[in-house]
Amino acid sequence: MRRQAHGGFAFLIPPERMKITRIEQQKNRPGRRNIYADGEFLIGVAAETLLRFGLRTGDEITPATFRLMERTEELLGAKSAALRLLSVRPRSEREIRDRLREKAFGEEEIVGTINDLKSTGLVDDEAFARTYIRNALALKPSGRVLLRRNLLLLGVRREVADEALDEVLAGVGQEENAVRAAEAFVKRASGRKRQDPRKLRQRLTAYLLRRGYTWDEVGPAVKRVLAESGPEDGEASESRR
């Protein structure tokens, strides 16, 4: 038998029909089986693969069957890797695709995995975008510009990102959201030494822009929050000088 490398593993390729002489469970991996043919180790497979091909001790295995088993194993490996990624957090389609490429899976296995996950709803960029936006807003005030940029970086298509933003932000007043972000910033700044009003305004404006708010949202928020923060920090103080 010759040995062929595939997907990071080396398999023995049977040159002709061989008889399965033993099938045993792998140590510490109850979901996998070792297959021996003509007394020699042939391949380790998932129990699911073994059931799919209906193989038992005494059956013959051909090179063609072996190659089909090998492809099935690669697809199962790619799907298992993708499911592990999704168990940590939701992922976009491109994230899954890129991570599987990093793990040296072939394009055929990657496409098959993505299609399987999409058919079961485990990969859905529209749902992912909505979830990402809600989670981001719950963690820290963020404007549309920043949320959209992050979604695009994660591989979500522009039209999908915009539709999700329209849907989720429809119930979120972005101007009030910007005000809350500004209030939190000023509160943190007030715990330090006395702030120069002009510098505070500049820092607050830059912060809100970094958080993805538009100029139309930033200007009113800065004016309102600094006016409410007290005469020593607010715009009124500057006008009295």
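Contact between Val156 and Ala161 at its shortest, heavy atoms only, is CG1-N, 3.8 Å. The two residues Ala164 and Ala129 make their nearest non-hydrogen contact at CB-CB, 3.6 Å. The heavy-atom pair separating Arg94 from Leu153 by the smallest distance is NH2-O, 2.6 Å. Nearest heavy atom pair, residue Ala46 against residue Leu76, reads CB-CD1, 4.1 Å. Nearest approach of Ser142 to Ala136, heavy atoms of both residues: OG-O, 4.2 Å.
Rounded to the nearest 0.5 Å, atoms CG (Asp59) and CZ (Phe53) are 13.0 Å apart. To the nearest 0.5 Å, atom CG of residue Asp124 and atom OG of residue Ser119 are 11.5 Å apart. Separating the CZ atom in Arg157 from the CG atom in Asp162 is a distance of 11.5 Å, to the nearest 0.5 Å. Separation of atoms OG1 (Thr49) and CD (Glu74) is listed at 11.0 Å; rounding is to 0.5 Å. Interatomic distance, CG of Leu100 versus CD1 of Ile114, reported as 6.0 Å (0.5 Å rounding). With rounding to the nearest 0.5 Å, the separation of CE in Met18 from OG1 in Thr65 is 13.0 Å.
When side chains are defined from C-beta on, Val45 does not count as touching Asn34, because their heavy atoms never get closer than 4.5 Å. You'll find the side chain of Leu51 stays beyond 4.5 Å of the side chain of Glu48, heavy atoms only. At a threshold of 4.5 Å between non-hydrogen side-chain atoms, the residues Arg134 and Arg130 count as touching. Residues Tyr213 and Val145 fail the side-chain proximity criterion, which asks for heavy atoms closer than 4.5 Å. Using a 4.5 Å cut-off on side-chain heavy atoms (C-beta onward), Leu147 and Leu137 make contact. Contact annotation: the side chain of Ile133 approaches that of Leu151 to within less than 4.5 Å [non-hydrogen atoms, C-beta and beyond]. Using a 4.5 Å cut-off on side-chain heavy atoms (C-beta onward), Phe41 and Ile35 make no contact.
Salt bridge annotation for Arg71-Glu108: present, with a cationic side-chain nitrogen under 4.0 angstrom from a carboxylate oxygen. A salt bridge does not link Lys79 with Glu109: every distance from a Lys NZ or Arg NE/NH1/NH2 to an Asp or Glu carboxylate oxygen is 4.0 Å or more. With salt bridges taken as basic N to acidic carboxylate O contacts below 4.0 Å, one links Arg224 and Glu176. Comment: Lys19 does not engage Glu60 in a salt bridge, judged by the lack of any side-chain N to carboxylate O separation of less than 4.0 angstrom. Lys118 has a carboxylate O that lies under 4.0 Å from a charged side-chain N of Glu93, or vice versa, which qualifies the two as a salt bridge.
Between the side chains of Arg17 and Thr62, no donor-acceptor pair is found at a separation under 3.5 Å.
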Quiz item: Can Arg211 and Glu217 be said to form a salt bridge (charged side-chain N to carboxylate O under 4.0 Å, His left out), step by step?
Solution: CA-CA 11 Å; Arg211 293 309 305 167; Glu217 294 159 351; over 6 Å; no
Self-check item: side-chain contact (heavy atoms from CB on, under 4.5 Å) evaluation trace for Leu204 with Val218
Solution: CA-CA 9 Å; Leu204 177 56; Val218 170; over 6 Å; no
Quiz prompt | Stepwise salt bridge (charged side-chain N to carboxylate O under 4.0 Å, His left out) test for Arg99 and Glu95 | solution = CA-CA 6 Å; Arg99 292 294 296 274; Glu95 282 187 284; over 6 Å; no
Quiz item: When you look at Asp38 and Ile20, which way does the side-chain contact (heavy atoms from CB on, under 4.5 Å) test go after all the steps?
Solution: CA-CA 6 Å; Asp38 292 348; Ile20 297 175; over 6 Å; no
Exercise. Go through the steps for Leu208 and Phe185 under the test side-chain contact (heavy atoms from CB on, under 4.5 Å), then give the verdict.
Key: CA-CA 9 Å; Leu208 292 176; Phe185 181 90; over 6 Å; no
Self-check item: side-chain contact (heavy atoms from CB on, under 4.5 Å) evaluation trace for Leu154 with Phe128
Solution: CA-CA 10 Å; Leu154 289 169; Phe128 167 78; 3.8 Å; yes
Exercise. Check the pair Lys187 / Glu183 against salt bridge (charged side-chain N to carboxylate O under 4.0 Å, His left out), numbers first and verdict last.
Key: CA-CA 6 Å; Lys187 185 177 180 180; Glu183 289 172 340; over 6 Å; no
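There is a path of hydrophobic side-chain contacts, each under 4.5 Å, that joins Ile23 to Ile43. Put simply, Leu50 and Leu68 are part of the same group of oily side chains (I, L, V, M, F, W, Y) that touch within less than 4.5 Å, one to the next. One hydrophobic cluster, built from ILVMFWY side chains closer than 4.5 Å, holds both Ile110 and Leu85. When the side chains of ILVMFWY residues are joined at heavy-atom separations under 4.5 Å, either directly or via intervening members, Val111 and Ile96 end up in two distinct hydrophobic clusters. Tracing side-chain contacts under 4.5 Å through hydrophobic residues (I, L, V, M, F, W, Y), one never reaches Leu83 starting from Val88; they form parts of separate clusters.
Shown here is Gln25, whose CD atom has more than 12 heavy atoms of other residues, nucleotides or ligands within 6.0 Å.
In terms of modelled atom types and a separation under 3.5 Å, the side chain of Arg22 and the main chain of Gly39 share no donor-acceptor contact. Under the 3.5 Å distance criterion, the side-chain polar atoms of Arg144 are left unmatched by any main-chain donor or acceptor of Gly212. Between the Ser92 side chain and the Gly155 main chain, no donor and acceptor come within less than 3.5 Å of each other. For Arg33 (side chain) and Pro30 (main-chain N/O), a donor-acceptor pair under 3.5 Å exists by modelled atom type. Between the Ser80 side chain and the Gly77 main chain, no donor and acceptor come within less than 3.5 Å of each other.
In this structure, Arg188 satisfies the cation-pi test against Tyr207, with its NZ or CZ atom closer than 6.0 Å to the six-membered ring centre and inside 45 degrees of the ring normal.
Remark: Glu175 engages no residue in a salt bridge (Lys or Arg N to Asp or Glu O under 4.0 Å) (not counting sequence neighbours). Looking at residues two or more places apart in sequence or on another chain, you find a side chain to side chain contact (heavy atoms under 4.5 Å, CB included) between Thr21 and Tyr36.
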